[in-house]
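Worksheet: one structure, shown below.
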There are 2 protein chains.
Amino acid sequence: MTLTTSYLQEIFTGLFELPLLDEIARVGIHKRVSAGTYMIRPGEFIRSVPILVRGSIKIMRPDNQGREALLYYLGGLDSCAMSLTCCMGGRKSEITALVEENTELIAIPVDKVDEWMCRYSSWKQFVFLTYQKRFNDLLQTLDEVVFHKLDERLLTYLRKKTDSCQCTVLSITHEEIAHELATSREVISRLLKQLEKAGQVKLMRNKITIL
Amino acid sequence: MTLTTSYLQEIFTGLFELPLLDEIARVGIHKRVSAGTYMIRPGEFIRSVPILVRGSIKIMRPDNQGREALLYYLGGLDSCAMSLTCCMGGRKSEITALVEENTELIAIPVDKVDEWMCRYSSWKQFVFLTYQKRFNDLLQTLDEVVFHKLDERLLTYLRKKTDSCQCTVLSITHEEIAHELATSREVISRLLKQLEKAGQVKLMRNKITIL
DNA sequence: GGCGTTCCGTGACAAAAGTTACAGGAGTCT
DNA sequence: AGACTCCTGTAACTTTTGTCACGGAACGCC
């Protein structure tokens, strides 16, 4: 799909200056990616930095035994710090990025990411803001794991999920939750049952309603 | 203490170009900080970005109950990503930085950090490398907490410590370790005793020898 | 309807981690 | 030596988390 400056103006109101929007329109690649697609896996190289226009992407960290912990989500107008470091440093990815909801994004080629840093101060700001956000995301995730018990972690997990999808009913299985919190299905089932008894959630097959 | 370009050349051999070294010599502030000093605490603002020449600094993340988990260490020629984001974004610190060994550092004023980004490509590289390193540090820490049990975490903790101080005998109490791993002293004592029985370490008052 | 698959509930048990309580050793100071 | 503080060891117990085993419900597909 071709990008027009006026379309970009709508999306990035006030964020980027006009000449930069022109450049983005010229070299950016407009993509739609459907849920379930892997954007990147550990060991792969990244050739462009994505800016999300719509949808959400899940960033996960695998270990060497098939487990995979959830790090954070990318949402509207977010970009990815890992892709930045990988691009700028020419290094392999250390994480997995899985498209969670159908996503629309603009891919910026590596060399432009670097070039624009000095040419457009709004771009530089954007890049640093991205680092800042992801760093904080990581710290929050760490807080959860280090300082909180599983039942609390489960609750904040559910809350974040409902926040990002803007709804109170989640379509998810216990198995999936267990995977993202790096624990077992039985444990999650047990804790969810506790939460249900405490009146915090309502459980159905493949669905969880947060009250 | 005044900085000379020739001194900086010794330290940063091949890392920065000559004109940049000149600038660093002019505006950088050479400091010695002794062990035990707090460089920064949560809620404070940062007015300069430090580059470590010698020594080490411990970066910790507090929760709201007096606990404080170890994130990672800064060592030789490292800089701090948190200080970068804080400076570039004008935000408060979210972490604690405690000088672990007597440290020698060069403090770069905020405005120069930004200015040099475009003027010196070696500086830009340095900044991005710093982000990259800290990001990876954080990911590794997260790996430990999410995927490993306490006894393993304790071992890697001890190993990292010995690596950074270049010695096999650590001067540390069980209490301190417990604090950094966000658990209780009794648990650490118990696990250390296990490790001693397994022939991995040798315990003395205020000292732990890694075998 | 019957069949297979996926998902959920749960009991029973094991392992890991946290808590409480207390004893005693090592060091310091006077 | 006596008093004191700080550090370590350890037993006993609770809570939390992980694992195994199984049964049954919900759903889709002939």
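Below, chain A is the first sequence line, B the second, and so on; all start at residue 1. Computed from a predicted model, the values in this text were never measured in an experiment.
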query: What about A:R185: does its side chain form a donor-acceptor pair under 3.5 Å with the base of D:dG18?
result: no

- prompt: When the distance from CG of A:L154 to P of D:dT17 is rounded to whole Å, what number comes out?
  reply: 11 Å

message: Here's a test for you: under side chain to side chain donor-acceptor pair (under 3.5 Å), which of A:K161, A:K160, A:K58 qualifies with A:Y73?
response: A:K161

- prompt: How would you label the contact of B:S184 with the nucleic acid (heavy atoms, under 4.0 Å): base, sugar-phosphate, or nothing?
  reply: base

- request: Can you tell me the distance, in whole Å, between the CE atom of A:M204 and the C1' atom of D:dC27?
  value: 15 Å

- line: When rounded to whole Å, the CG to C1' distance for the pair A:L150 and C:dA16 reads 13 Å

message: How many whole angstroms separate atom CG of A:L195 from atom P of D:dT16?
response: 13 Å

- prompt: Hey, does the side-chain of A:R190 have a donor or acceptor N/O within less than 3.5 Å of a partner on the base of C:dG11?
  reply: no

query: Just by distance, do the side chain of A:S93 and the backbone of A:I95 share a donor-acceptor pair under 3.5 Å?
result: yes

message: Between P on C:dA17 and CG on B:D151, what's the gap in Å once rounded to a whole number?
response: 6 Å

- prompt: Does the cation-pi check pass for B:R134 over A:F135, that is, NZ or CZ under 6.0 Å from the six-membered ring centre and within 45° of its axis?
  reply: no

task: Please check the phosphate of C:dC7 (OP1 and OP2 only) for any side-chain N or O of A:S189 closer than 4.0 Å.
output: no

task: Send over the distance from A:E186 CD to D:dG24 P, rounded to a whole Å.
output: 18 Å

field: Distance-only donor-acceptor test (3.5 Å): side chain A:R205, base D:dC27
entry: no

query: Does the side chain of B:E152 come within less than 4.5 Å of B:F147's, by heavy atoms?
result: no

field: Short side-chain N/O contact from A:H174 to OP1 or OP2 of C:dG9, under 4.0 Å
entry: yes

